[in-house]
Amino acid sequence: MTQATTGEPIKFANGELNVPNHPIVPFIEGDGTGRDIWRASQRVLDAAVVKAYAGDKSIAWKEVLAGQKAFDSTGEWLPDATLEAFKTYFVGIKGPLTTPVGGGIRSLNVALRQILDLYVCLRPVRWFTGVPTPIKRPEEVDMVIFRENSEDIYAGIEFQEGSEEVDKFKKLLKEAFPKHFEKIRFPDTSGLGIKPVSKEGTRRLVKAAIDYAIEQGRDSVTLVHKGNIMKFTEGGFRDWGYEVAMNDYNGELIDGGPWTKIKANGKEIIVKDVIADAFLQQILTRPAEYDVVATMNLNGDYISDALAAQVGGIGIAPGGNINYTTGHAIFEATHGTAPKYADQDKVNPGSVILSGEMMLRHLGWNEAADLVVKGVEGAIAAKTVTYDFERLMDGAKLLKCSEFGEAIIKHMD
Ligand SMILES: NC(=O)C1=CN([C@@H]2O[C@H](COP(=O)(O)OP(=O)(O)OC[C@H]3O[C@@H](n4cnc5c(N)ncnc54)[C@H](OP(=O)(O)O)[C@@H]3O)[C@@H](O)[C@H]2O)C=CC1
Ligand SMILES: O=C(O)CCC(=O)C(=O)O
Ligand SMILES: [Mg+2]
């Protein structure tokens, strides 16, 4: 286990991070392919920091446990010490963690986001020149997803078919809402779930998306929802989102609305909405029309993998889970543990490496972040890539996970 020895904690006051030159940064290696990916990623991030600051700055990595590694050594899947470390040190990074389908533990990834109230899942999607993709104009895909991270069906309010709990819940429903209960097609054999979507949760997510669009000079924020069917949850999200644009940013309706324009920093930003199924086809046919995207938890999950595929796959799709009010943030890949490739030193470490790049930028270490991007661009341009790109790229050289990390470091020069 790598232990921090000489670092200092990051602090957060008056809405700003105070980052020492040698911050302690907790990390979770992750299950499955996480082990290989983390090794390669830590080397790349350290190399970028050394190159950018020649020893004046460094990251004091502190390993914290979660998932199988935690369970094997502590009997807990998500030990309190891990949560404490992320709370104390504010900014951390993690590899993927396994969640069984059906029964078993609930997602540790989702638990971390919920316990720390990391309400924004920020997933930028851009194309790196040369990456093989299934679409004709991948350079037109330049979107930033703001996925709501704390509510929706991910809140985990579910009752298992056949359980005492589901019977109790159905009884309540039948008594209090008989008309709704009648709509359940097969009441005796249904599992049931609840989808909470709140005005508060929507407001803070949409505000974060609009603030980002203003700061980064982006053209539009699109609210993606299925509000025609789920009127009071997804439809609520759309309506509350527009309210934020109108009331908090002095918006003006376009042609009677609901599209709204806001003005900031001498620029106009359009706040618009689209129904999720139409969005999923339009990101393929007209990607240039979309920029910043604000959406609920489940839609955001689907959209992030779909968009990642358009620019080369989830092997290279980064992300960060952030609470802009408390200062807590955990950066992590979009992909999972890909267990069939575990410990083969095979998969693309790009997603965690670029999540690290986002983390460096979040710390204000832009010089090091720029070097990571330069290294990734260089390694791809030289066609020295992992299996996921190599299988689709003519004339490419196949590298292992660790070798791709080394290639990125080489191309920082
Ligand atoms: N935040 C997190 O920690 C997440 C965890 N998970 C969890 O991960 C587990 C496995 O989920 P699964 O649905 O298989 O999804 P995965 O993302 O783990 O893998 C699906 C496919 O994506 C491709 N892929 C994934 N990672 C990489 C990589 N680093 N480089 C290149 N290609 C990659 C592979 O495609 P190919 O077969 O074509 O090579 C792989 O078979 C589940 O338990 C799930 O809950 C899932 C998502 C996020
Ligand atoms: O928590 C999980 O296992 C899946 C999470 C996921 O798919 C995501 O964060 O995109
Ligand atoms: Mg996902």
Side-chain angles (χ1 to χ4, degrees), residues 27-41 66-70 77-78 92-115 118 120-123 125 131-134 145-150 152-156 295-309 311-322 330-356 376 380 385-393 398-405:
F27 73 91
I28 294 168
E29 177 186 81
D31 294 324
T33 49
R35 293 181 282 277
D36 286 339
I37 290 173
W38 178 255
R39 255 192 309 279
S41 302
Q68 194 65 51
K69 193 170 180 179
W77 293 99
L78 187 55
I93 184 165
K94 66 177 278 294
L97 294 168
T98 299
T99 314
V101 176
I105 55 164
R106 297 200 81 89
S107 167
L108 303 170
N109 310 301
V110 172
L112 275 167
R113 298 168 196 167
Q114 287 179 341
I115 293 166
L118 306 173
V120 168
C121 179
L122 177 62
R123 290 181 166 170
V125 188
V131 171
T133 94
I145 303 164
F146 278 72
R147 166 187 177 192
E148 203 290 323
N149 230 0
S150 68
D152 199 353
I153 54 174
Y154 280 70
T295 192
M296 280 146 295
N297 215 333
L298 181 62
N299 295 336
D301 195 5
Y302 296 156
I303 289 167
S304 28
D305 277 33
L307 274 176
V311 293
I314 43 182
I316 200 171
N321 304 291
I322 303 171
I330 302 179
F331 292 82
E332 69 173 332
T334 293
H335 62 67
T337 53
K340 67 183 176 186
Y341 297 130
D343 301 315
Q344 294 176 27
D345 194 16
K346 177 181 173 88
V347 294
N348 194 335
S351 185
V352 171
I353 289 171
L354 290 169
S355 301
V376 171
I380 293 168
V385 290
T386 44
Y387 83 99
D388 48 329
F389 291 176
E390 189 267 348
R391 66 187 169 186
L392 298 168
M393 221 183 209
L398 175 63
L399 298 187
K400 294 178 179 169
C401 174
S402 55
E403 292 170 339
F404 186 57

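Hydrogens, waters and symmetry mates play no part in the numbers below; they use all other heavy atoms, side chains included. Residue indices begin at 1 and follow the sequence shown. In listed order, ligands and their atoms are each counted from 1.
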Donor-acceptor pair, side chain of Asn149 and main chain of Leu118, under 3.5 angstrom
yes
Any donor-acceptor N/O pair, Asn109 side chain to Leu97 backbone, under 3.5 Å
yes
In terms of ring plane angle, is the pair Trp38 and Phe27 parallel, tilted or perpendicular, where the classes change at 30° and 60°?
parallel
Short side-chain to backbone donor-acceptor contact, Asp36 and Gln344, under 3.5 Å:
yes
Any idea which residues sit under 4.0 Å from ligand 1, heavy-atom distances?
Ile37, Lys94, Pro96, Leu97, Thr98, Thr99, Asn109, Arg113, Ile314, Gly315, Glu332, Thr334, His335, Gly336, Thr337, Ala338, Pro339, Lys340, Tyr341, Val347, Asn348, Tyr387, Asp388, Arg391
Salt bridge present between Glu29 and Arg35 (N-O < 4.0 angstrom):
no
Does Arg147 count as lying over the ring of Tyr154, i.e. NZ or CZ under 6.0 Å from the six-ring centre, within 45 degrees of the axis?
yes
Donor-acceptor contact present, side-chain Asp31 to main-chain Gln68, <3.5 Å
yes
Taking only protein atoms, how many N, O or S atoms are found under 2.8 Å from the Mg ion (ligand 3)?
1
Say you draw a straight line from CG of Leu78 to CD1 of Ile105; how long is it, rounded to the nearest 0.5 Å?
9.0 Å
Exam field: side chain Thr133 to backbone Gly312, donor-acceptor pair closer than 3.5 Å:
no
Look at the side chain of Asn321 and the backbone N and O of Glu332, then say whether any donor-acceptor pair between them is shorter than 3.5 Å.
no
Residues forming a side chain to side chain donor-acceptor pair (under 3.5 Å) with Thr337, sequence neighbours excluded
Thr98
Write out the protein residues near ligand 2, meaning a non-hydrogen atom under 4.0 Å from one of its atoms, in order of chain and number.
Thr99, Ser107, Asn109, Arg113, Arg123, Arg147, Asp301, Thr334
So do the side chains of Ile316 and Leu354 get within less than 4.5 Å of each other, counting heavy atoms only?
yes
Just wondering, do Phe146 and Thr295 contact through their side chains at under 4.5 Å, heavy atoms?
no
